[in-house]
Amino acid sequence: MQVPVRILVVEDEPAIAETILYALRKEGFDCLNVTLGREALAQIEAGEFALAIFDVGLPDCNGFDLYRQLRQFSEIPVMFLTARADEVDRIVGLEMGADDYVTKPFSPREVAARVKVILRRAALSGSRPEKEQPRQSPTFRIDDAANRIYFAEQAIALTRYEYHLLRTLLEHPDHIFSRDALMQRIWVAPDHSMERTVDAHVKTLRAKLRELLGGDDPIETHRGIGYSWKRKQ
Ligand code: CA
């Protein structure tokens with residue numbers, strides 16, 4: 001029998017913790033919930049956790065301080081839970097070197113899917129990923145000023161939406177974007193009825209990339225969730 005992978009969920013809101021634990025347990029993970037930063041550090045020091053999920057706002061500290069303390073002695077992957085845009089900026093700026101984040105409110109399925117992506121990535125690299133990941137694949141180059149993206153220094157012919165889609169995905173490898181998240185970032189007047197539009201643009205973008213990459217498809221579809229850019233192994 002396989003030993004279940006253990007995940008530590010550091011979250012002080014019982015309803016949120018329960019939702020996450022339920023979703024992760026359904027996927028076969030063994031989970032423990034603690035509500036305080038100091039408990040989290042003690043657990044990670046003592047136990048065998050493959051990954052930790054940190055709420056940013058904890059009763060005894062914030063998730064960022066907790067993360068810094070954790071990194072003094074452990075390299076386990078960390079995913080942040082956050083409700084605030086300014087916190088997302090800090091995490092995305094990779095000031096923290098975190099492995100991923102989700103914003104509240106989130107779907108438990110999304111959390112479980114991201115956890116699986118992080119664990120797969122960690123397993124492939126033999127340990128947790130390097131802190132200084134390149135923000136984009138070296139073969140693609142984004143020229144913000146010109147609104148163009150180059151592959152092997154050749155400009156790719158993209159429509160406006162394809163450009164923004166590709167740019168968003170390239171800049172966040174392995175990050176799963178829901179259709180709604182892509183719409184909010186890219187479309188001028190996002191509307192729920194437009195989710196199919198996102199799919200349509202992903203489809204045409206995919207066709208162009210396949211042609212460029214000799215049939216490779218770097219965009220991963222996460223059923224019922226959204227899309228991500230596959231980081232090159
Ligand atoms: Ca909290």
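These numbers come from a predicted model, not from an experiment. Just so you know, ligand 1 is whichever comes first in the structure, and atom 1 is the first atom listed for that ligand.
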Is there an N/O/S atom in Glu11 that lies less than 3.0 Å from the Ca ion (ligand 1)? no
If I take every N, O or S atom of Glu13, is at least one of them less than 3.0 Å from the Ca ion (ligand 1)? no
If the plane angle is over 60° it's perpendicular, under 30° parallel, otherwise tilted; pick one for Phe80 and Tyr67. tilted
Examine Gly57 and say whether one of its N/O/S atoms is closer to the Ca ion (ligand 1) than 3.0 Å. yes
I'd like the atom name of the N/O/S atom in Asp55 lying closest to the Ca ion (ligand 1). OD2
Is there a donor-acceptor pair closer than 3.5 Å between any side-chain N or O of Glu162 and the backbone N or O of Thr159? yes
Which N/O/S atom belongs to Asp12 and is the closest one to the Ca ion (ligand 1)? OD1
Specify whether His172 and Phe177 have parallel, tilted or perpendicular ring planes, treating 30° as the upper limit for parallel and 60° as the lower limit for perpendicular. perpendicular
Side-chain donor or acceptor of Ser74 paired with backbone N/O of Ile76 under 3.5 Å: yes
I'd like to know if the side chain of Arg114 pairs up with that of Ser228 as donor and acceptor (distance under 3.5 Å, no hydrogens or angles considered). no
